[in-house]
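It should be emphasised that the depicted structure is a prediction, and the values quoted were computed from it without experimental measurement.
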Amino acid sequence: MGDVARFFGAGTVRILDGGLATTLEARGHRLDETLWSAGLLTTNPGAVAEVHRAFLEAGADCIATVTYQATFQGFARRGIDEARAEALFLQAVRLAVDERDRFWNSAGSGGGADRRVRPLVAASIGPYGAYLADGSEYDGRYGRSEEELMDFHRRRLRLLAASDADLVAFETVPSVTEARALARLLEETPDARAWLSFTCADGRRLRDGTPVEEAVGAVDGAPGLVALGVNCVAPAHVSGLLGRMRGVTRLPLLAYPNSGEGWDAVRRVW
């Protein structure tokens with residue numbers, strides 16, 4: 001927990017990594033499948049490690065694992081049993097941790113470690129809509145209860161919270177229902193540390209229409225929650241959203257917007 005507390009210390013500014021999947025695509029890797037970038041865990045894990053290293057060398061203070069769209073249910077749909085799926089999750093964490101450690105060791109011997117915080121590894125956990133792979137994380141109206149969403153996320157959270165990752169990153173959360181479900185899971189997982197990042201329709205509301213202040217109030221104070229933020233939102237909305245969030249929480253805030261494009265779930269392109 002020491003590294004996490006230092007990372008989010010008062011008055012600090014940290015740099016998150018870039019778009020893992022879009023960088024992989026820019027390097028020529030095909031990701032047009034239901035597992036998205038997580039599919040490379042079974043075909044080309046070295047490509048993932050290379051991007052982790054590139055982000056660290058570019059100045060990232062935190063790198064996220066390639067598990068955003070990885071779920072036990074999604075792996076099962078691909079014919080991957082639970083034991084193999086668990087191994088793939090842990091492989092994703094190990095890829096990031098090993099690259100971080102190699103980078104940090106070389107930075108320490110070659111200069112630079114004294115000018116940077118030791119980078120963190122965040123185990124990425126995408127929303128229920130990412131498993132559906134139909135773009136519904138940009139809607140959030142799944143028709144699932146809090147309890148159903150807790151059941152969906154529980155095993156993955158427990159596995160990643162107990163892994164060598166420094167914390168978990170709940171990303172692209174589009175609805176207050178799913179946010180509440182994740183907060184309740186943190187109560188069940190006392191050793192977990194997490195940030196939670198919402199995706200929003202505009203400068204005021206989550207994708208499901210909930211005011212961002214209400215969504216923050218629904219999760220603020222959850223055990224192990226170390227930061228809140230927004231991601232996969234248009235850049236023009238970020239300042240307004242963070243201002244509204246700051247009005248109702250003292251947690252550190254983070255932001256990693258998209259480039260302002262929209263996702264076409266039918267053609268699977270931006």
Side-chain angles (χ1 to χ4, degrees), residues 1 4-5 7-14 16 62 64 68 122-130 136-154 156-158 160-161 167-258:
M1 179 61 179
V4 174
F7 186 90
F8 290 108
T12 59
V13 176
R14 305 298 186 199
L16 303 180
C62 180
Y68 173 84
S124 174
I125 294 181
Y128 179 75
S136 60
E137 64 263 49
Y138 304 114
D139 181 315
R141 297 178 175 87
Y142 310 136
R144 295 287 183 266
S145 67
E146 282 185 35
E147 288 71 22
E148 288 172 320
L149 291 170
M150 290 175 68
D151 290 342
F152 174 81
H153 286 293
R154 182 176 284 108
R156 177 172 51 161
L157 170 60
R158 288 179 176 174
L160 292 175
L167 73 166
V168 299
F170 297 127
E171 304 190 273
T172 326
V173 178
S175 76
V176 70
T177 301
E178 189 158 26
R180 288 195 187 102
L182 295 171
R184 289 172 64 187
L185 285 176
L186 286 176
E187 294 176 2
E188 295 181 2
T189 318
D191 294 331
R193 298 293 180 269
W195 82 53
L196 192 153
S197 185
F198 299 106
T199 181
C200 298
D202 52 32
R204 303 176 45 145
R205 301 169 296 129
L206 271 60
R207 300 283 182 172
D208 71 344
T210 302
V212 69
E213 296 94 335
E214 180 182 333
V216 169
V219 301
D220 197 26
L225 188 64
V226 298
L228 286 165
V230 294
N231 77 288
C232 213
V233 300
H237 300 323
V238 170
S239 293
L241 288 164
L242 294 186
R244 290 175 178 277
M245 295 173 79
R246 176 51 69 225
V248 291
T249 183
R250 300 318 301 167
L251 284 173
L253 300 180
L254 50 89
Y256 40 120
N258 58 32

Inset, instruction - Compare every heavy atom of A192 with every heavy atom of A161, then report the nearest pair and how far apart it is. - result: CB-CB, 3.8 Å

Inset, instruction - Enter the distance from D151:CG to H153:NE2 here, rounded to the nearest 0.5 Å. - result: 10.5 Å

Inset, instruction - Check whether any side-chain heavy atom of T172 sits under 4.5 Å from a side-chain heavy atom of Y68, and report yes or no. - result: yes

Inset, instruction - Please examine the side chains of N258 and V233, heavy atoms only from C-beta on, and report whether any two atoms are closer than 4.5 Å. - result: no

Inset, instruction - Classify the side-chain pair E171/Y256 by whether it contains a donor and acceptor separated by less than 3.5 Å. - result: yes

Legend entry - Any side-chain heavy-atom pair of L167 and F8 under 4.5 Å: yes

Legend entry - Residue pair L160 / S124: nearest heavy atoms and the distance that separates them: CD1-O, 4.1 Å

Legend entry - Presence of salt bridge, E147 and R184, under 4.0 angstrom: yes

Legend entry - Check against side-chain contact (heavy atoms from CB on, under 4.5 Å), N231 and W195: CA-CA 12 Å; N231 77 288; W195 82 53; over 6 Å; no

Legend entry - Within-4.5 Å side-chain heavy-atom neighbours: T12 and F7: no

Inset, instruction - Specify the closest pair of heavy atoms between A255 and L242, including all atoms of both residues, with the distance to one decimal. - result: CB-CD1, 4.1 Å

Legend entry - Closest approach of A181 to E146 (non-hydrogen atoms, all atoms of both residues): CB-O, 3.6 Å

Inset, instruction - Mind checking the CG-CG spacing from L241 to L228? Nearest 0.5 Å is all I need. - result: 12.5 Å

Inset, instruction - Using only heavy-atom distances, determine whether the side chains of Y142 and T177 contain a donor-acceptor pair under 3.5 Å. - result: no

Legend entry - Considering all heavy atoms, the nearest A227-L254 contact: CB-CD2, 3.9 Å

Legend entry - Rounded distance (nearest 0.5 Å) linking atom CZ of R244 with atom CZ of R205: 10.5 Å

Legend entry - Note, D220 side chain near V248 side chain (heavy atom, < 4.5 Å): no

Inset, instruction - Ignoring hydrogens and angles, tell me if any N or O in the side chain of R207 forms a donor-acceptor pair with the backbone of S175 under 3.5 Å. - result: no

Legend entry - R246 side chain vs L251 backbone, donor-acceptor pair below 3.5 Å: yes

Inset, instruction - Could you tell me whether D202 and R204 make a salt bridge, using a distance below 4.0 angstrom between a side-chain N and a carboxylate O? - result: no

Inset, instruction - Return yes if some donor-acceptor pair links the side-chain N/O of T199 with the main-chain N/O of C232 below 3.5 Å, else return no. - result: yes

Legend entry - From T249 atom OG1 to L225 atom CG, the distance as rounded to the nearest 0.5 Å: 7.5 Å

Inset, instruction - Rounded to the nearest 0.5 Å, what's the gap from CD on E188 to CZ on R158? Could you check? - result: 5.5 Å

Inset, instruction - Please tell me if the side chains of V219 and F170 come closer than 4.5 Å, counting only heavy atoms from C-beta onward. - result: no

Inset, instruction - Measure the shortest side-chain to side-chain distance between M245 and V230 over non-hydrogen atoms and say whether it is less than 4.5 angstrom. - result: yes

Legend entry - Polar contact flag, side-chain donor to acceptor under 3.5 angstrom, Y128-E148: no

Legend entry - Flag side-chain contact, heavy atom, 4.5 Å: L206 against P174: no

Legend entry - Distance, nearest 0.5 Å, that separates CG of L157 from CG of L185: 6.0 Å

